[in-house]
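Working notes for the structure below.
Just so we're on the same page: letters track the sequence lines, and every chain starts at 1.
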Number of protein chains: 2
Amino acid sequence: MSRLIGEDGYADGKKLPSEKELAETYGVSRETIRKALKHLTQLGRVYSIRGSGHYVRHWVPQMESTLNRLTSITELIKQSQLVEGEMEVHFFKRVPTKDEAELLQIHPLDPVFVVDRIRTAGGEPLIFNQNVLPQSVVGEDFPLRYEKGSLLNCLRTRYRIDIAEAMTEVLAVRAEDLLPYRLKETGAPLLKFKQVHYDAKALPIFLSYDIMRNDVIRFFIRRVM
Amino acid sequence: MSRLIGEDGYADGKKLPSEKELAETYGVSRETIRKALKHLTQLGRVYSIRGSGHYVRHWVPQMESTLNRLTSITELIKQSQLVEGEMEVHFFKRVPTKDEAELLQIHPLDPVFVVDRIRTAGGEPLIFNQNVLPQSVVGEDFPLRYEKGSLLNCLRTRYRIDIAEAMTEVLAVRAEDLLPYRLKETGAPLLKFKQVHYDAKALPIFLSYDIMRNDVIRFFIRRVM
DNA sequence: TAGTGGTCTAGACCACCTC
DNA sequence: AGGTGGTCTAGACCACTAG
């Protein structure tokens, strides 16, 4: 297994045993250990110095939402031990905008389903979320097959579509962005995400807009050279 | 070399030769090819399907600023073929805030240097940038050693400090954020970044706040499962 | 100089896709 | 059934760090 290591005892900022030692300890080859260490490095939990060794990072903001990995809103809220909910769900069908048709790689006249909703945590409005799904992907009966909660779950269980990655644009909220009153009345600072979600074959599946309260959720990105 | 492949002929959405074939073509081992392919996958240029093959992604927004990698503002502006400049540079020394001392892992009474500046592209104000550097890192003579333009360059050439990564927080601009008039008068939508920069040993080197015009620069993140 | 991480190799086995 | 990617191995050489 390439995922043996979970930093059992080494929870401080200290030096790890050498790759050779680790390989012997876990009874695997050095290359396998190297893959595991590389994985931890990419997660930001470990760093290495050539000729010297591997070290556990002193501190990493693991909390909050790390944008490097794709996580659903549902998961995000559950992590913070709050009860997830939604209000004011709207449903309709329209033709995509030119921009949307391009991003979703569909014909400008192919209709799309739009789901508007306000997602809540502990009863508080948290995110205004809008999903745009091509009818060519989810079929005409999408309103019947759609279920509350995580859209990613719904796609996986009902359509056998696995979202593998997303291209996310981070945007400042503009005056012309239309906002539901329930979110506006909070007076909270807001951030907007525009995301195209892809499956394992790199085909665009759906588009989402999220306008999120930045007083409740914080967003981090780990950027490497 | 683990970086042989640059998609020579395969510029469309097509299937790549198998790992075995690639290995023979380039005269290297299969594991080496696999490392190169994994790298391309992580860059989002290629995806793989087990039992089937590797494929070139149809389209990737390589343009604009990809937040997955750490790039300096200087580079960003140069990429867009504009002339980089700066105006209203201010310099001062103060004690860090509690939050700053924590992030920089310094004593709350250790002074920090602060450099305020407005960075311009083609003469237009683009970014209000504030850097916070501990005196314990850059020394008392920092004002003398500091040079215009890229701080990352300055640190590398004058201090032999290489920034290896950053932890970036994306923030909505709040009413209480103080903004230079030159940026405010543009009326542009604004985004704020708060970044802690680390060296190869994962030690925090400096902190930066950037308030950027989101009508000119767009920000993307590739998020994987 | 000894020990470390970085890179590469040739070979093996398995699970999966495609035919 | 044959080809593919995913995983792992045992061994090698090099460049760098540290004492």
Side-chain angles (χ1 to χ4, degrees), chain A residues 1-7 10 13-58 156 159-165 198-203 224-225, chain B residues 1-7 10 13-58 156 159-165 198-203 224-225:
Chain A
M1 279 292 101
S2 183
R3 303 288 125 77
L4 287 169
I5 302 178
E7 275 146 287
Y10 328 101
K14 282 291 145 45
K15 185 172 179 173
L16 293 179
S18 75
E19 298 179 350
K20 190 164 160 288
E21 283 180 73
L22 285 171
E24 284 160 7
T25 308
Y26 289 94
V28 295
S29 76
R30 193 183 145 218
E31 272 298 330
T32 303
I33 288 293
R34 279 186 60 71
K35 279 173 189 164
L37 287 171
K38 181 165 190 187
H39 187 229
L40 289 171
T41 302
Q42 290 178 333
L43 290 178
R45 322 248 333 169
V46 155
Y47 64 95
S48 64
I49 299 175
R50 186 200 191 92
S52 170
H54 281 88
Y55 302 82
V56 179
R57 293 204 106 216
H58 313 271
R156 182 167 52 246
Y159 292 91
R160 300 188 163 278
I161 296 175
D162 266 301
I163 299 300
E165 62 179 280
Y198 301 90
D199 69 4
K201 299 199 160 107
L203 292 172
V224 293
M225 271 290 182
Chain B
M1 278 293 103
S2 182
R3 302 289 124 79
L4 288 169
I5 301 178
E7 275 145 289
Y10 329 100
K14 282 291 147 43
K15 185 171 178 172
L16 292 179
S18 75
E19 298 178 349
K20 189 164 160 286
E21 283 181 73
L22 285 170
E24 284 161 6
T25 309
Y26 288 95
V28 296
S29 77
R30 191 180 148 221
E31 271 298 329
T32 304
I33 289 293
R34 278 187 60 73
K35 279 173 188 164
L37 286 172
K38 180 162 191 191
H39 188 229
L40 288 171
T41 302
Q42 290 179 332
L43 290 178
R45 321 250 328 166
V46 155
Y47 64 95
S48 64
I49 299 177
R50 185 198 190 95
S52 169
H54 281 87
Y55 303 82
V56 179
R57 291 203 112 219
H58 313 270
R156 183 168 51 247
Y159 291 92
R160 301 187 165 279
I161 296 176
D162 267 299
I163 299 300
E165 63 181 279
Y198 300 88
D199 69 3
K201 300 198 160 105
L203 291 173
V224 293
M225 272 289 182

Counting only side-chain nitrogens and oxygens, does [X] get under 4.0 Å of the OP1 or OP2 atom of [N]?
X: H54(B); N: dT4(D); answer: no
X: S48(A); N: dG6(C); answer: yes
X: S18(B); N: dT4(D); answer: yes
X: S52(B); N: dG3(D); answer: no
X: R34(B); N: dG5(D); answer: no

Could you provide the dot-bracket string of DNA chain D, using ( ) for intrastrand pairs, [ ] for crossing pairs and | for bases paired to another strand, with Watson-Crick or G-U pairs below 3.5 Å? ||||||||||||||||||.

Please tell me which of E31(B) and I49(A) maps to the more 5' nucleotide of DNA chain D, matching each residue to the nucleotide holding its nearest heavy atom. E31(B)

Sorted by position of nearest nucleotide on DNA chain D, 5' first, the leading residue of E19(B) and K201(B) is E19(B)

Among all residues two or more places apart in sequence or in another chain, which pass the salt bridge (charged side-chain N to carboxylate O under 4.0 Å, His left out) test with E24(B)? K20(B)

Just the rounded figure in Å: distance from [atom2] of [N] to [atom1] of [X].
X: L22(A); N: dG3(C); atom1: CG; atom2: P; result: 17 Å
X: R30(A); N: dC13(D); atom1: CZ; atom2: C1'; result: 11 Å
X: Y26(A); N: dT9(D); atom1: OH; atom2: P; result: 14 Å
X: K15(A); N: dT4(C); atom1: NZ; atom2: C1'; result: 7 Å

Measure from the side-chain heavy atoms of [X] and tell me the nearest of [options].
X: T32(B); options: dT9(C), dT4(D), dT7(C); result: dT9(C)
X: E21(B); options: dC8(C), dT4(D), dG6(C); result: dT4(D)
X: S29(A); options: dC8(D), dG5(C), dG5(D); result: dC8(D)

L40(A): which of V56(A), L16(A), V46(A) passes side chain to side chain contact (heavy atoms under 4.5 Å, CB included): V46(A)

Exercise: identify the closest heavy-atom pair between L37(A) and E19(A): CD1-CG, 3.9 Å

